[in-house]
Amino acid sequence: MTKERIETGWNFDNSYARLPKSFFSSLNPTPVRSPKLVILNDPLATSLGLNIKNLQSDDGVAVFAGNQIPEGASPLAQAYAGHQFGHINMLGDGRALLLGEQITPQGERFDIQLKGPGRTPYSRGGDGRAALGPMLREYIISEAMHALRIPTTRSLAVVTTGESVIRETELPGAILTRVAVSHLRVGTFQYAAGRGDVKELRMLADYTIKRHYPNIEADENRYLSLLQEVIKRQAALISKWMLVGFIHGVMNTDNMTISGETIDYGPCAFMDSYDPATVFSSIDREGRYAYGNQPYIGGWNLARFAETLLPLLHEDEEKAVELAQDAISTYNDLYFSNWLSGMRAKLGIFNSEGQDESLIEGLLSMMKKHRADYTNTFRVLTTGKIEDTVLFGTPEFTEWHELWKARLERQEESKASSQQLMANSNPVVIPRNHRVEEALEAAVEQGDFSVMERLLEVLSTPYTDSPKQAEYCTPPAPSTRPYRTFCGT
Ligand code: AMP
Ligand code: MG
């Protein structure tokens, strides 16, 4: 009798590896001493067509650790450039390797990337490795973003390596397996444009269109359409960040995708009390990537993307610049209309009136003045327990509240449907920094992953109001020390 063997389900294609050689370097991960699986994303694994039991076996874990290459994979480090805090640099996957593209049973294509698998030709001075804390942080926040219905890369697994990484102190090493519709970045185009090889740039653009925007393939000027589509996706994405109070922290052009997914969770964090100037990242000393600056930086990054496409937009350079500028000039309005309709939904408003913007601004400026918690203020308006906000009792809030109630009464929709819209648009829980830190500390310092598992469970249904969410809704106690996040490199 033959023993039945259930395959893990890896089903790779490697379309990126069929691009010209200048776009990547093929190499295998550097094996690690003693890999141990610390978290596996069961629902994601299943949706990718993978067998959970096999993934948990020694062979399965060896793949997440880079100790074994699954059949059909073709590991490579991608080349890219990027503006880091405004300055252009040659970068590339210095501590990541693309294993290949998993084709799911539904025929979808996802990049499977190891983050932290050892040095690559793009590592510069770095060790190509990652520490456990930052990898778990990416896991938690990316999965929370997904549950908040925000386009994002996802996290399939984290393994510890049994090796240490040296940062300011010695830390446990880990590898994250990241899943993305692709890892094409604005920086990938900057790299191609910087090389000055228009043929290769065109190949990259055609590849991108085929992979992400097949609907524009037959357009008269498909490269202009590509620019317009990316502008649309990023305007939509950044408005979603703003609506939930997410701060990316390092919006360098290499950390902005062409697909419109959020990528590279380094020093990111969610805002507690509302203030557009909020910055958490220890390296963002000038507040370039502050909460309120993100829409502007989105436009700046897209202008860099537009520049890379100039040789493809028109053979006449002046005309190309004109086309690019016209496209870029749509970004502000696109962003703003996405944000405005999102804000209307957060306030239970279905239609549009000219004064809506000032109604929203009125609320936000009160929140800023009184340091009201961003998430909880919208929740309180949703549940109607307005006495729970610090704004309650102030004359300005009383006045605002009357205006808002009158606004809701002027629309056709019932109060119940308004409340339903708000419940759907205002999360009960977000990954609050003190909760994330607590989970990471338990995992990294004590090897206790249960705190993180409970947090992940609560974050997986952010729009559901249940008793177990309650304790995760409390903002942190006021601290004298400002909260700081680190890139974890
Ligand atoms: P990030 O800040 O994660 O977007 O990374 C910026 C650049 O630095 C990318 O090219 C990374 O691959 C590279 N990098 C970050 N950490 C390391 C590391 N430990 N070793 C090598 N390269 C790294
Ligand atoms: Mg990056």
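First listed ligand is number 1; within each ligand, the first listed atom is number 1. Remember, predicted model here, so these are calculated numbers, not experimental data.
- Counting atoms of ligand 1 from 1 in the listed order, those under 4.0 Å from a heavy atom of Arg124 are 7 (C), 8 (O), 10 (O), 13 (C).
- Taking distance alone, with nitrogen or oxygen atoms compared against 3.5 Å, Gln84 stays at or beyond that limit from ligand 1.
- For ligand 1, the polar-atom distance check finds an N/O of Asn255 within less than 3.5 Å of one of the ligand's N/O atoms.
- Here Asp254 does not reach the Mg ion (ligand 2): none of its N/O/S atoms is less than 2.8 Å from the metal.
- None of the N, O or S atoms belonging to Asn252 lies under 2.8 Å away from the Mg ion (ligand 2).
- Here Arg18 pairs with Asp13 in a salt bridge; the nearest charged N to carboxylate O distance falls below 4.0 Å.
- Of the N or O atoms in Asp264, one or more lie within a sub-3.5 Å distance of an N or O in ligand 1.
- No donor-acceptor contact under 3.5 angstrom links the side chains of Asn255 and Tyr265, judged on distance only.
- In the candidate list Arg95, Glu138, Arg185, Arg119, Arg95 is nearest to atom 23 (C) of ligand 1, counting heavy atoms.
- Among Thr253, Asn89, Thr308, the single residue meeting the side chain to side chain donor-acceptor pair (under 3.5 Å) criterion with Gln190 is Thr253.
- Considering backbone and side-chain N/O atoms, Leu91 never comes within less than 3.5 Å of an N/O atom of ligand 1.
- Of all the heavy atoms of Asp127, the ones lying under 4.0 Å from any atom of ligand 1 are found in both the backbone and the side chain.
- One finds a salt bridge joining Lys115 and Glu138 here, because a Lys/Arg side-chain nitrogen approaches an Asp/Glu carboxylate oxygen to under 4.0 Å.
- Of the options Ala96, Pro134, Gly92, the smallest heavy-atom separation from atom 11 (C) of ligand 1 is shown by Gly92.
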